[in-house]
Amino acid sequence: MIATIAAHQFRSLRRRRVLSAFGAIMIAVTVLAGVIGWSSHRTIARVYNEAVVLLGADGGAAPPNPFELKPTLSLLSNMAIYVPLIGALLALIVGNLSIADDQSSGIGRLIFSRQVSRSSYFLGKLLGTTAVVAVVLAASLFVSIVALLVANETAPDVGDLSRLVLFYAVSWLYLMVFVLIGMVTVLCTERRSLALLSAIGVWLVITFAVPQFTSGLRPTASLNPVTDPVSTTQTFFRITSHARPFSVSEQYKHASAQILDTASGSAANALVRILPIAGLAVSLALAAFWLVGRHDYSRSTSSG
């Protein structure tokens with residue numbers, strides 16, 4: 001029964017073109033990240049080549065190629081911004097539709113008129129949405145590999161591929177947090193529109209408000225995965241900075257930067273940073289499971 005519900009959920013999102021739209025947007029931002037990285041590579045290479053010619057004419061020694069000093073995966077560093085900014089919003093919609101459609105269409109009443117347990121229903125929904133996010137990120141991973149191949153004119157080595165796969169695995173976990181937020185807000189409200197607005201409000205708090213309080217970052221600066229806090233000298237931010245380990249948005253960005261080797265720290269250290277993300281995901285999953293068990297599916301949720 002779990003597999004049946006999961007397959008139905010996957011087909012439903014595909015039929016409503018949610019899967020296609022989610023995939024197309026994530027592929028587009030991956031291509032954008034690759035193009036920006038490739039353009040930066042070309043600019044650096046052109047400036048370096050011109051500097052080599054000028055220094056050679058003056059009899060000077062050419063410095064090392066600066067691009068060779070940059071990590072290979074730095075070409076995709078903007079993905080650490082696009083995932084929490086764009087991917088998380090799309091994940092909210094996936095989570096919202098997975099529950100709201102059953103309520104507004106009456107499918108929920110039909111399902112529970114049969115011998116289907118609430119746990120099987122929830123696990124099927126979770127498995128179906130998990131598959132949607134995984135398929136989208138797998139497509140983005142493939143595009144990332146192609147982008148690295150085009151930009152570097154050589155295939156990424158095993159180490160880079162491992163880091164890239166790890167980055168997308170962490171991104172999957174992060175996006176599942178927002179899928180679950182989309183589910184929970186539907187189960188806690190009576191209107192679909194209010195549920196979606198509530199989920200977006202939570203996204204704003206996680207992405208912008210919490211980093212601003214815990215690190216003293218302005219909203220725009222909170223998108224930068226390598227920006228250092230600038231206001232921690234103030235008493236207020238010295239106090240709130242103790243909650244920084246629980247800021248899942250910051251932990252994701254720092255972990256991503258370490259995995260992609262664009263910030264100091266090893267990939268092993270990055271795994272420690274994902275513990276708050278995993279903890280939040282588990283907490284939301286338990287909350288959603290409890291809410292599904294208590295929810296009244298005999299009435300439809302208003303779409304207004």
Side-chain angles (χ1 to χ4, degrees), residues 19 22-42 44-45 65-91 94 129-179 223-227 248-278 281:
L19 176 60
F22 193 179
I25 293 173
M26 288 304 298
I27 288 173
V29 298
T30 306
V31 171
L32 178 61
V35 169
I36 292 174
W38 174 79
S39 177
S40 175
H41 178 191
R42 289 288 300 269
I44 293 172
N65 188 335
F67 189 77
E68 294 179 354
L69 302 176
K70 294 181 63 177
T72 305
L73 299 181
S74 63
L75 290 168
L76 300 171
S77 59
N78 282 334
M79 288 301 296
I81 299 174
Y82 297 151
V83 168
L85 183 63
I86 300 173
L89 279 173
L90 297 172
V94 170
T129 53
T130 294
V132 168
V133 176
V135 167
V136 169
L137 291 182
S140 182
L141 170 62
F142 175 76
V143 174
S144 297
I145 294 173
V146 173
L148 291 172
L149 178 62
V150 172
N152 297 324
E153 299 179 354
T154 182
D157 58 26
V158 175
D160 287 338
L161 283 176
S162 300
R163 284 179 174 270
L164 200 56
V165 170
L166 180 58
F167 166 73
Y168 277 101
V170 173
S171 297
W172 168 84
L173 178 62
Y174 186 78
L175 292 185
M176 285 307 300
V177 166
F178 290 89
V179 169
L223 294 175
N224 190 340
V226 296
T227 297
V248 293
S249 176
E250 289 184 278
Q251 297 306 315
Y252 169 78
K253 287 179 286 188
H254 285 294
S256 298
Q258 290 176 340
I259 292 171
L260 296 176
D261 202 21
T262 58
S264 60
S266 64
N269 292 334
L271 294 179
V272 177
R273 290 185 176 275
I274 71 171
L275 292 178
I277 304 174

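For the single chain, residues carry numbers from 1 onward in sequence order.
- In plain terms, the two heavy atoms of Met26 and Val83 that are nearest each other are CE-CG2, 4.3 Å.
- Across every non-hydrogen atom of Phe167 and Ser256, the tightest pair is CE1-OG, 3.5 Å.
- In this structure, the side-chain hydrogen bond (donor to acceptor under 3.5 Å, both in side chains) partners of Tyr168, at least two apart in sequence or on a different chain, are Ser140, Ser144.
- Distance check, rounded to the nearest 0.5 Å: CG of Leu89 to CZ of Phe178 gives 8.5 Å.
- Val31 meets the side chain to side chain contact (heavy atoms under 4.5 Å, CB included) test with Ile27, Val35, Val143; sequence neighbours excluded.
- The side-chain hydrogen bond (donor to acceptor under 3.5 Å, both in side chains) test applied to Tyr252 returns Ser171, not counting sequence neighbours.
- Scanning all heavy atoms of the two residues, the minimum distance from Ala281 to Leu173 falls at CB-CD1, 4.1 Å.
- Shown here for Ala255 and Ile274, the closest heavy-atom pair between the two residues is CB-CG2, 4.2 Å.
- Residues satisfying the side chain to side chain contact (heavy atoms under 4.5 Å, CB included) criterion with Pro156, sequence neighbours excluded, are Ile145, Leu148, Asp160, Leu161.
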Applying side-chain contact (heavy atoms from CB on, under 4.5 Å) to Thr130 and Val179, what does each step give before you reach the verdict? CA-CA 9 Å; Thr130 294; Val179 169; over 6 Å; no

Do Leu76 and Leu164 pass the side-chain contact (heavy atoms from CB on, under 4.5 Å) test, and can you show the C-alpha distance, the side-chain angles, and the key distance before you say yes or no? CA-CA 9 Å; Leu76 300 171; Leu164 200 56; 3.8 Å; yes

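- Leu90 CG to Leu19 CG: the interatomic distance, rounded to the nearest 0.5 Å, is 11.5 Å.
- Here the closest heavy-atom approach between residue Pro84 and residue Ile81 is recorded as CD-O, 3.3 Å.
- Residues Ile25 and Ile86 approach most closely at CG2-CG2, 3.7 Å, considering heavy atoms.
- Without hydrogens or angle criteria, Arg163 side chain to Ile259 main chain gives a donor-acceptor distance under 3.5 Å.
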Side-chain donor-acceptor contacts of residues 131-139 below 3.5 Å, not counting sequence neighbours, with atom names and distances?
none

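- At least one side-chain heavy atom of Val177 sits less than 4.5 Å from a side-chain heavy atom of Ile277.
- Residues that satisfy the side-chain hydrogen bond (donor to acceptor under 3.5 Å, both in side chains) test with Thr129, not counting sequence neighbours, are absent from this structure.
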